[in-house]
Protein chains: 2
Amino acid sequence: MPQLSFRTKVLQAREEAIVATVKRLLAEKGYDQMTVDAVAAEVGIAKASLYKHFASKEALAAAAMVQTMDRALQTVAQVQDRPGLSALERLKAVTRWTLETQLAGEMPTLPSQNSALRNALLADRGYMDRLMTLSDQLGEWIVQAQADRSLDTRLPPQAVLFTLFARACDPVLGFLQAGGQHSDEQIIDWVMISCFDGLAARP
Amino acid sequence: MPQLSFRTKVLQAREEAIVATVKRLLAEKGYDQMTVDAVAAEVGIAKASLYKHFASKEALAAAAMVQTMDRALQTVAQVQDRPGLSALERLKAVTRWTLETQLAGEMPTLPSQNSALRNALLADRGYMDRLMTLSDQLGEWIVQAQADRSLDTRLPPQAVLFTLFARACDPVLGFLQAGGQHSDEQIIDWVMISCFDGLAARP
DNA sequence: GTCTATAAGAGGATAGAC
DNA sequence: GTCTATCCTCTTATAGAC
């Protein structure tokens with residue numbers, strides 16, 4: 001049944017276009033300022049059609065987060081495959097990807113204060129599964145890096161994990177970019193330094 | 001005219017109560033999720049009365065930010081008065097205050113993506129003046145600390161400044177607090193470590 | 001300046017024809 | 001599944017009496 005398969009593909013492509021738009025708008029305006037009308041308008045379909053694909057605005061955000069998680073997991077897998085890297089170097093590589101993605105305006109960020117949205121995400125198995133997988137993978141590297149003494153052992157792994165996750169919504173990137181005087185690479189290098197080496201000078 | 005003065009004091013007290021409520025609600029729910037109705041209800045006055053004191057929701061947020069800036073400037077002045085501290089130690093002291101304030105739920109944070117709100121703040125002289133004063137004061141310490149080689153000289157002072165400002169809305173604090181397993185002091189110590197010493201181990 | 005009542009409009013979600 | 005048109009709630013802001 002090639003017809004059915006074709007229809008399915010067309011619909012999937014449309015859904016991907018929707019998710020891509022949502023990701024951009026989330027990164028650009030944030031969840032609360034993103035309207036479903038704007039999403040529909042930019043995708044070029046009617047709002048009612050949008051609701052045939054996704055049940056709610058929260059579902060839209062969840063789909064964007066799931067796709068982003070997949071990209072992150074993909075990046076982790078690629079880094080995993082690179083031989084000869086230390087655990088710390090792997091963590092740095094993934095962090096750099098996070099910063100690049102945010103600076104490119106493709107990292108959706110959700111307000112941690114919106115409890116309705118948070119509950120929707122917590123109830124989303126697709127999202128939670130990916131989040132836990134990602135946490136586990138990074139957690140392994142964190143433990144390894146602390147074992148080989150390349151990562152500060154005073155910090156509990158969870159604190160390190162949260163600190164790395166927080167790079168996805170670090171406002172410093174946007175502040176430095178707004179000045180317009182620095183290249184993206186330069187900005188990322190600075191944030192990498194402050195994240196891993198700290199603000200205080202090293203001997 | 002003691003009557004006039006008394007009335008003025010009463011009104012000022014009410015305005016301060018409003019601002020205090022706004023600060024708490026901003027910290028708790030964020031700007032978009034904070035409704036003017038909720039502010040009025042918690043202060044215990046009618047919404048129309050609220051609008052006699054502040055012209056708009058944005059003005060409410062601006063007032064909260066101004067008061068917070070004043071607290072920050074006050075803290076900076078106190079730290080300035082303590083003798084025998086290095087520039088780096090002064091920066092750490094102010095940063096610690098920032099983290100304590102946020103963890104106590106008294107640090108209002110505004111979404112950097114809301115452009116209407118940002119424009120309102122940029123047009124608010126009271127806010128901008130304080131922001132620039134604070135930036136100048138911290139900037140001096142940053143330059144000093146880089147001169148005495150206690151702060152990483154690879155980072156431009158502006159990047160350091162933004163990184164310190166960003167501690168006011170660092171989500172890591174809330175994440176660690178949500179676990180409920182750690183004391184506030186412990187959490188702050190960890191964030192201080194990751195901020196100034198970095199995640200990577202020091203020799 | 002404080003209240004009650006209401007205007008005015010944005011935005012999430014749906015009905016029903018095709 | 002897509003559209004147009006509409007519903008309905010929430011929210012900012014104001015009118016007007018006291």
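The chains referred to below are lettered A, B, ... by the order of the sequence lines, with proteins before strands, and numbering in each begins at 1. Predicted model, so just to flag it, every value in this text is computed and none were measured.
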Next on the checklist: Enumerate the salt bridge (Lys or Arg N to Asp or Glu O under 4.0 Å) contacts for residues 25-48 of chain B, please, sequence neighbours excluded, ordered by first and then second residue.
Outcome noted: B/R24-B/E42, B/D37-B/K47
Checklist outcome for this item: Residue pairs meeting salt bridge (Lys or Arg N to Asp or Glu O under 4.0 Å), one or both in residues 55-76 of chain B, sequence neighbours left out, come to B/D70-B/R130
Checklist entry - Using a cut-off of 4.0 Å between protein heavy atoms and nucleotide atoms, how would you tag nucleotides 8-15 of chain C 5' to 3' with B, S and -? => result ---SBBBB
Item to check | Nucleotide range of DNA chain D lying under 4.0 Å from chain B heavy atoms | outcome: D/dT11 to D/dA15
Next on the checklist: What I want to find out is whether B/R154 reaches A/D197 closely enough, with some N-O distance under 4.0 Å, to be called a salt bridge.
Outcome noted: yes
Checklist entry - B/K52: what forms a side-chain hydrogen bond (donor to acceptor under 3.5 Å, both in side chains) with it, not counting sequence neighbours? => result none
Next on the checklist: Under the rule for side chain to side chain contact (heavy atoms under 4.5 Å, CB included), what residues qualify as partners of A/T163, not counting sequence neighbours?
Outcome noted: A/R167, B/V172, B/S194, B/L199
Item to check | Test side chain to side chain contact (heavy atoms under 4.5 Å, CB included) applied to A/A59 - qualifying residues, sequence neighbours left out | outcome: A/F54, A/S56
Item to check | Near-strand residues of residues 10-22 of chain A, defined as heavy-atom separation under 4.0 angstrom from DNA chain D | outcome: A/L11, A/R14
Which pairs would a plain distance check flag for residues 111-119 of chain B, meaning a side-chain donor or acceptor within less than 3.5 Å of a matching protein atom at least two apart in sequence or in another chain?
{"residue": "B/N114", "atom": "OD1", "partner": "B/A116", "partner atom": "N", "Å": "3.2"}
{"residue": "B/N114", "atom": "OD1", "partner": "B/L117", "partner atom": "N", "Å": "3.1"}
{"residue": "B/N119", "atom": "ND2", "partner": "B/S115", "partner atom": "O", "Å": "3.3"}

Checklist entry - According to the side-chain hydrogen bond (donor to acceptor under 3.5 Å, both in side chains) rule, which pairs have a member within residues 134-143 of chain B, sequence neighbours left out? => result none
Please tabulate, for side-chain N and O atoms in residues 95-105 of chain A, each donor-acceptor pair with protein atoms closer than 3.5 Å (sequence neighbours left out).
{"residue": "A/T95", "atom": "OG1", "partner": "A/L91", "partner atom": "O", "Å": "2.8"}
{"residue": "A/R96", "atom": "NH1", "partner": "A/D189", "partner atom": "OD1", "Å": "3.2"}
{"residue": "A/R96", "atom": "NH2", "partner": "A/D189", "partner atom": "OD1", "Å": "3.2"}
{"residue": "A/W97", "atom": "NE1", "partner": "A/T75", "partner atom": "OG1", "Å": "3.4"}
{"residue": "A/W97", "atom": "NE1", "partner": "A/T101", "partner atom": "OG1", "Å": "3.4"}
{"residue": "A/T98", "atom": "OG1", "partner": "A/V94", "partner atom": "O", "Å": "3.0"}
{"residue": "A/T101", "atom": "OG1", "partner": "A/W97", "partner atom": "O", "Å": "2.8"}
{"residue": "A/Q102", "atom": "NE2", "partner": "A/D170", "partner atom": "O", "Å": "3.4"}

Extract all donor-acceptor atom pairs below 3.5 Å that involve side chains of residues 11-18 of chain A and protein atoms in other chains or at least two apart in sequence.
{"residue": "A/E15", "atom": "OE2", "partner": "A/H53", "partner atom": "ND1", "Å": "3.0"}

